[in-house]
There are 2 protein chains.
Amino acid sequence: MNKGQLFQQFVRFTASVHQVTNDMTKEIKIENITNVQYKILEFLTVSQPVTLSEISECLHLSLPNASRELKKLMQSQLCEKIVDPNDRRKYDIRLTENGTALMNEVFQELEFKFQEQIKHLTESELKEIEGAMNILQTKFFA
Amino acid sequence: MNKGQLFQQFVRFTASVHQVTNDMTKEIKIENITNVQYKILEFLTVSQPVTLSEISECLHLSLPNASRELKKLMQSQLCEKIVDPNDRRKYDIRLTENGTALMNEVFQELEFKFQEQIKHLTESELKEIEGAMNILQTKFFA
DNA sequence: TAAAACAATTATCAATTGACAACTAATTAA
DNA sequence: TTAATTAGTTGTCAATTGATAATTGTTTTA
């Protein structure tokens, strides 16, 4: 196996993934929510509950900026924080009911587009895709 | 095959891909180049030559904003445009020699990180990964 | 050939995001 | 129990990015 070629393939592959996911999320416009704020909501959806430091680190935001953006999301009633009883400097941050409902809508729209993309595929192709994602997830993107 | 579950897996998978690629490119800081400008350089590296409209569309930038950012890249001698002789409204945009050299450095660094990630994998695991990327690339991210 | 359409540019203003200093409150270590 | 560390906040300023209107030059089309 030529590892240099594998890297080339990796570059093309990740470029495609970004392209497709960008296109899928492109039109999603939530009122009064900026891009960064949406990223936080997305991160919460997949990983909640999280701390502010985790948001900061995973989204490459400074703590002050993460704090500011989160504040806005809380003012919009989309997130809430729950003080960690063991260490009261920390909070668990999660989506509120409102926030959950909103993200459910968003993900439904995403799923619709996803289903469009795969609707012409056969059962065995779907199995292949499932297997392929599994392999990459466990062997590489761990 | 449960297509709803497949979507869930897709969400987790793309989240992982973004996470890993973000971490890989995180520290890459080129002097006097902003994020958007870097995205343009990256896009050029993979897809050149391109027109401004393609940059605009693929990177979700308005034409005026794409034009502005490209101008800066040209001022920094990283990109150049070559008028399309068949339609003089259009340009082909490509990296200059400088730009190519710069992106080569960047990609070398990326490749180094990539090789770190895969160095503990066996030959057969690498083959699996290659196959998996191939499947997803051709069946889904086409 | 005049009008419409296209590709890109320039200019301008507002909104978002990034960076950093100074701070509070809670916890841990000396 | 004081000092240091940790987690997060507030405020401020600058840089980046987004949006939009007006314009140029080129090509199509009626």
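These numbers come from a predicted model, not from an experiment.
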Checklist entry - Is the phosphate of C:dT9, meaning OP1 or OP2, less than 4.0 Å from a side-chain N or O of B:K90? => result no

Checklist entry - Side-chain donor or acceptor of B:N65 under 3.5 Å from a matching atom on the base of D:dA19? => result yes

Item to check | A:E111 and A:Q115 side chains, donor-acceptor separation under 3.5 Å | outcome: yes

Checklist entry - Given atom CG of B:N86 and atom P of C:dA7, what is their separation to the nearest angstrom? => result 14 Å

Checklist outcome for this item: To the nearest angstrom, the CD-P distance between A:E69 and D:dG8 comes to 16 Å

Next on the checklist: In this structure, how many angstroms lie between the P atom of C:dC6 and the CG atom of B:D87, rounded?
Outcome noted: 12 Å

Checklist entry - Does a salt bridge link A:E69 with A:K39, judged by any charged N lying under 4.0 Å from a carboxylate O? => result no

Item to check | Close side-chain approach of A:E109 to A:E105, heavy-atom, < 4.5 Å | outcome: no

Next on the checklist: Just the rounded figure in Å: distance from P of D:dA15 to CD1 of B:I33.
Outcome noted: 16 Å

Checklist entry - What nucleotide, of C:dT9, D:dT9, D:dT17, holds the atom closest to the side chain of A:Y91? => result D:dT9

Checklist entry - Does the side chain of A:T51 get closer than 4.0 angstrom to OP1 or OP2 of D:dA7 through an N or O atom? => result no

Item to check | Ion pair check, B:K119 and B:E116, cut-off under 4.0 Å | outcome: yes

Checklist entry - Given D:dT17, is OP1 or OP2 found less than 4.0 Å from the side-chain N or O atoms of B:T34? => result yes

Item to check | 5' precedence on DNA chain C between A:H60 and B:L52 (nearest-nucleotide basis) | outcome: B:L52

Next on the checklist: Please report the distance, rounded to the nearest Å, between CZ in B:R88 and P in C:dT9.
Outcome noted: 15 Å

Item to check | Separation of atom NZ in B:K26 from atom C1' in C:dG18, rounded to whole Å | outcome: 14 Å

Next on the checklist: Can you tell me if A:K71 touches the phosphate of D:dG8, counting only side-chain N or O atoms and a distance under 4.0 Å to OP1 or OP2?
Outcome noted: no

Item to check | Given DNA chain C, 5'-ward residue of the pair A:N32 and A:P64, judged by closest heavy atom | outcome: A:N32

Next on the checklist: The side chain of A:S67 is closest to which nucleotide in this list: D:dG18, C:dT9, D:dT10?
Outcome noted: D:dT10

Checklist outcome for this item: Picking from C:dT17, D:dT17, C:dA19, the nucleotide nearest the side-chain atoms of A:S62 would be C:dA19

Checklist entry - Is there a side-chain polar atom (N or O) of B:K81 under 4.0 Å from OP1 or OP2 of C:dT9? => result yes

Checklist entry - Once the angle between the rings of B:F7 and A:F114 is folded into 0 to 90°, is it parallel (under 30°), tilted (30 to 60°) or perpendicular (over 60°)? => result tilted

Item to check | Polar side-chain contact A:R68-C:dG18 base: donor and acceptor under 3.5 Å | outcome: yes

Item to check | Length of the NZ-P vector between B:K72 and D:dT16, whole Å | outcome: 7 Å

Next on the checklist: Just N and O in the side chain of A:R89: are any of them under 4.0 Å from OP1 or OP2 of C:dA26?
Outcome noted: no

Checklist entry - Can you say whether the rings of A:H18 and B:H18 are parallel (under 30°), tilted (30 to 60°) or perpendicular (over 60°)? => result perpendicular

Checklist entry - Roughly how many Å is it from CG in B:D84 to P in D:dT26, rounded to a whole number? => result 13 Å

